Structure formats: structure tokens, C-alpha cells
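Okay, structure first, notes after.
Values below: all heavy atoms of this structure, side chains included; hydrogens, waters and symmetry mates excluded. Nothing here was measured: the structure is a model prediction, and the numbers come from that model.
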Amino acid sequence: INETEITNYNATFEDVLNLYKNFLNGEKLSEEEKNLISYFYNIKKEEFETAISGLNYSNTAEQINKNNIIRLYGKTLQTSISKLEQYEGCPFSFHMKYGLKLQEKKELQMRSLDTGNFMHEVIDLFFEELKNNNLDIKAIEDEDIEKIVAKIIEELFQTSKYYVFSSTAKFKILSRRLKKVVLTSIKYIVYTLKNSKFEVFGNEMEFSKNSEYKPIVVELDDNTKVEITGKIDRVDVGKLNDKEYVRIIDYKSSVKNLDFNKVVAGLQIQLITYLDDICEQFNFNPSGILYMSLIDNIVKAPKNLSNETIAEEIKKNFRMQGVVLADIEVAQMMDTSLEPGTSSNIIPFTIKKAGTITESRSSTITSEDFSNLQKKVKKIIKQISKEILNGNVEIKPYYYQKSTPCEYCNYKTICCFTPGMKGNDYRYIHKDDKQEILDQIREEK
């Protein structure tokens, strides 16, 4: 600090504290700077020490002891994949929500969760209606779809669960929009199945003690057990050359794709976990994990398009994202219109005119890669479960491509996470391309 910078007590006191912080970090100080620190320490000892204690404060969460962990979770950790993913998002946030069960106050507003649950339920009831009336989904016409969906929606709106949709004039307008989106989505779902040799194996397949499919059980090294419950939106199966292939489909009310960086970071392991369990139970071969967006996107194209062209553009917008098996015959089972020199409107797959896969316009992996991914995710689940049962609740949110869970966390006023503060730092996730990640997993074997 130069003499000209010494203006008043408060301003200089802050500069002196910064000097002292630099000194603690190993920076050398001049004799004048040391004397200045001594001066402020001697005239305002209590104030100085209080301020210094803040420099040494570490914003960390203590590890929970074993007895308290058992009180929180019991001797068997009962969880879900989405909960395990949240733990990897930030252990402290997981502890607040699922350990201490802190919940925010409910408000009367239409959240994405409400609309997402509603759309899922309509789709599930639609398939149930077809089954109960022995209707073939591959033969059903649009007029029948519209009647069935309209009946389902009207009945759901009469229930207390979805009272918010008719509670105000604003929500009623949003509800009309939602009806249109649901209907368009279901018509696309029917289209994908009509143009596929895959059949629906199950809808809303539940893994729980009281359902047909039992929880996924993972045994840790110390013989502790983890029971994973949850639901799969849809499972399809197709047969080719005496082999049965399975694909897992997840309906999303937003746009989502499979990010292999998030997979190996434990943030996107749900579909692979279910795929692995289904393959193990029924001896199926993995052929795809796919996200189907239930969003009715606006078609951006020149004016004066024909109805047929508009319909094709809409289908492209609905095309499922994710990853499928690098096998042209299997891909053609998923989309029977897929021929050499064309791209699929159903799955992320393009075939060159020469009859080979266009890698740059397809999202595919080999059967070996599927197997390696399944083994990798099993290891990840075990590691996350160990961390939870060891009582690790550190404040450690991830940071990936300028995104962090802190942006939408309900507990940030409790943890007071501040990057740069002692004890506070992100878990940085590097972005590698798909092949690099698959090669790394292969080398781990």
C-alpha cells in the first residue's frame, strides 16, 4: 500500500486485511506493509481478529457418522436412479432433500413437473385403453386416437390431482395448448410404432416390491444392499435372426439427448441401468436408449409448404434422440422406411447410398460398447451408494459447460456455496467426445 492510498480508516483497514490474506497465502510483504498490519492489530485487536477469523472460515459440511446414516436410511439403502444422479449433482443437496427431507412450500402454479406428469399419464392411459379394447396400435386411425385422447383428458381434468389446470382463466388457456401438444405427441408415438417391427413390451414398467418387476438389488463389498426402485416409460422388443433386441424409451417434456460425459460422471445413468436389468432378466440384446421429446415444435421453413411436407418436418422435430446399435438391419426394424441414401425420422440413424452408416449423422455404438457401458454404470452405482452410506455430504456441485445444479437448487441459501471461498469448489466435468469416452471405458476392463 502506498502512502497516497491511505485515505480513511475503513478503506485502509480492508486493504490491510487483503495484505494479511496474501501473507497467509505465502506472499512476501515489505517492512512498511508488516508495520501497517501491526498498527491496525494493536489499535483494534478485537475487530482485527474477528475479521481474520472470516479469512480462515471453511464452508464445509461434516461427514455424518455411521449410526446417524443408519437412522436416516436404515440397513438397506432404498433409493432410485434419479436420486443417485442428484447425489452426483451435489451430495449436500441430496442430503437436504432425501436425508433430512426438507421441502419447499407448495404454491398454486403450473410447473413443468405437473405438465410432465400429466402427459405421461395420458400416454399410459392411452395404451391401457387400447389393450382393454383389443385395439391394434398399428391399425388405429387418427380419428380414433383423437376420440380416445379427448376422453382420457376430460376424465383427468375432473380429478383433484390436476385441479390446477382449470383453476384460473390463464391455466385454462394453457390447458388447451397442453391438450394439443399431448394429442400431437401420441399421434407421433403411434406413427413410430406403425413404421417399426418393434412391439411394445411394457408401458410404465415399475420396479418395486409390490409390482411385477422387483427392485434392482446392488450388493456392496461390505455385503450392504442397495434397492433401486423406479419406472421405465416404455420398453420395446424386436426379433431378428433368432435374437431379441430391446430398446428403452423415455418420454421427456423437454428436449434431451444422451451425453456420455454425464454418463461417466454419474449424472445420466437411468436408462442404461434399466436396459442392463431388462437384458439380464429376459436375455435380450441391447439395441437402443432413446429420449422422445413431447414438445410440439414450430416448423421453421419457407412459406407455401404442402401439408405433406409440413407433416414430414414435424416428424423430424419429434425424432428420438439418444443412441442405437450400430447395426443397419436392427435400425431398419426400428424404422421400416429407412433405406440406403436416407435418414430416419424416428431414430438418429442415416444410411449412405453405398449401404453403410453415415457416422456424422448417426448416433450409434457397438454391442461391445453397450456391454462396457452397462458394466461401467454398475460400478458408478456402487461408488455413489458407498459415498452415501459413508456419510459424505460435502458441498460439491458439478460444473459442466457453464452449467451447475446451483442454478435451480432450493437449498443454496442453506449451503451458502461461494466459489473461491475456502472449502468451496466445483466438481469440474471435462467434455470429451463420445469415442474418447468409449475407448477409456474399454481400457478400464
message = Quiz question: by atom type and distance under 3.5 Å, do the side chains of Thr79 and Glu227 form a donor-acceptor pair?
response = no

task = Run through Asp233, Asp236, Ile232, Val235 and flag the one making a side chain to side chain contact (heavy atoms under 4.5 Å, CB included) with Ile249.
result = Asp236

key: No-hydrogen, no-angle side-chain donor-acceptor test under 3.5 Å, Gln281 and Asp277   = yes

remark   = Between the CE atom in Met320 and the OG atom in Ser344, the distance rounded to the nearest 0.5 Å is 7.5 Å

note = Note: Gly322 and Ser363 closest approach over all heavy atoms is O-OG, 2.6 Å

key: Minimal non-hydrogen separation, Lys256 against Gln321, with atom names   = O-CB, 3.6 Å

ask   = According to the ring-ring contact (aromatic ring centres under 6.0 Å, His included) rule, which pairs have a member within residues 348-398, sequence neighbours left out?
value = none

note = Residues pairing under side-chain hydrogen bond (donor to acceptor under 3.5 Å, both in side chains) where one sits in residues 347-356, two or more places apart or in two chains, turn out to be Ser343-Thr350

message = With rounding to the nearest 0.5 angstrom, report the CZ to NZ distance, Phe94 to Lys83.
response = 7.5 Å

task = Measure across Ser196 and Met334 and return the closest heavy-atom pair with its distance rounded to 0.1 Å.
result = CB-O, 3.4 Å

inquiry  = Can you confirm whether Lys66 is buried at NZ, in the sense that more than 12 heavy atoms of other residues, nucleotides or ligands lie under 6.0 Å from that atom?
reply    = yes

remark   = To the nearest 0.5 Å, atom CD of Gln63 lies from atom CD1 of Ile69 at 8.5 Å

note = Closest non-hydrogen contact found for Leu72 with Gly99 is CD2-O, 3.3 Å

ask   = Between Lys382 and Glu219, does a salt bridge (charged side-chain N to carboxylate O under 4.0 Å, His left out) hold up when you go through it step by step?
value = CA-CA 8 Å; Lys382 285 187 177 183; Glu219 194 165 315; over 6 Å; no

inquiry  = Working to the nearest 0.5 angstrom, can you tell me the gap between Cys416 SG and Tyr411 OH?
reply    = 15.0 Å

Verdict with reasoning, Lys138 to Glu199, per salt bridge (charged side-chain N to carboxylate O under 4.0 Å, His left out) = CA-CA 10 Å; Lys138 296 193 176 185; Glu199 303 287 343; 3.2 Å; yes

task = Determine the minimum heavy-atom distance between Met119 and Leu294, stating which atoms define it.
result = CE-O, 3.1 Å

note = Note: Lys214 and Lys209 closest approach over all heavy atoms is NZ-O, 2.8 Å

query = Do Phe92 and Phe417 have their ring centres less than 6.0 Å from each other?
reply = no

task = Could you walk me through whether Lys239 and Glu244 pass salt bridge (charged side-chain N to carboxylate O under 4.0 Å, His left out), step by step?
result = CA-CA 4 Å; Lys239 193 171 183 179; Glu244 288 187 296; 5.8 Å; no

ask   = Under the 3.5 angstrom rule, does the side chain of Asn59 hit a backbone N or O of Cys415 as a donor-acceptor pair?
value = yes

ask   = Can you check side-chain contact (heavy atoms from CB on, under 4.5 Å) on Asp432 and Gln440, steps first, answer last?
value = CA-CA 10 Å; Asp432 296 320; Gln440 288 167 13; 4.0 Å; yes

Glu154: salt bridge (Lys or Arg N to Asp or Glu O under 4.0 Å) partners, not counting sequence neighbours = Lys179

ask   = Which word best sums up how the rings of Phe207 and Tyr274 line up, parallel for under 30°, tilted for 30 to 60°, or perpendicular for over 60°?
value = parallel

task = Output, in order, the C-alpha distance, side-chain angles, deciding distance and verdict of salt bridge (charged side-chain N to carboxylate O under 4.0 Å, His left out) for Asp250 and Arg234.
result = CA-CA 7 Å; Asp250 192 23; Arg234 203 175 94 212; over 6 Å; no

query = When rounded to the nearest 0.5 angstrom, what is the spacing between CG in Leu267 and CG in Asn261?
reply = 10.0 Å

ask   = Taking atom NZ of Lys97 as the centre, does the number of heavy atoms from other residues, nucleotides or ligands within less than 6.0 Å exceed 12?
value = no

task = Please list, chain by chain and in numerical order, all residues satisfying salt bridge (Lys or Arg N to Asp or Glu O under 4.0 Å) with Asp221, sequence neighbours excluded.
result = Lys386

key: ring pair (Phe, Tyr, Trp, His ring centres under 6.0 Å) evaluation trace for Phe201 with Phe282   = CA-CA 11 Å; Phe201 182 77; Phe282 299 97; 5.1 Å; yes

inquiry  = Could you check whether Asp222 and Thr224, counting side-chain N and O atoms only, form a donor-acceptor pair closer than 3.5 Å?
reply    = yes

ask   = Under the side-chain contact (heavy atoms from CB on, under 4.5 Å) criterion, do Ile414 and Leu102 qualify, and how do the steps go?
value = CA-CA 11 Å; Ile414 300 175; Leu102 300 183; 4.0 Å; yes

remark   = The complete set of ring-ring contact (aromatic ring centres under 6.0 Å, His included) pairs with one or both residues in residues 119-142, sequence neighbours excluded, reads none

inquiry  = Just by distance, no angles: are the side chains of Thr364 and Ser362 close enough, under 3.5 Å, to form a donor-acceptor pair?
reply    = no

request  = Go through the structure and list residues passing side-chain hydrogen bond (donor to acceptor under 3.5 Å, both in side chains) with Thr192, not counting sequence neighbours.
outcome  = none

key: Asp433, CG: over 12 other non-hydrogen atoms inside 6.0 angstrom   = yes

query = Is the cationic atom of Arg247 (NZ for Lys, CZ for Arg) positioned less than 6.0 Å from the six-membered ring centroid of Phe198 and within 45 degrees of its normal?
reply = yes

inquiry  = Looking only at side-chain N and O atoms, does Ser403 offer a donor or acceptor that is under 3.5 Å from a partner on Gln401?
reply    = no

message = Can you tell me how far apart CD1 (Ile346) and CG (Leu338) are? Round to the nearest 0.5 Å.
response = 9.0 Å

ask   = Which of parallel (below 30°), tilted (30 to 60°) and perpendicular (above 60°) describes Tyr426 and Tyr428?
value = perpendicular

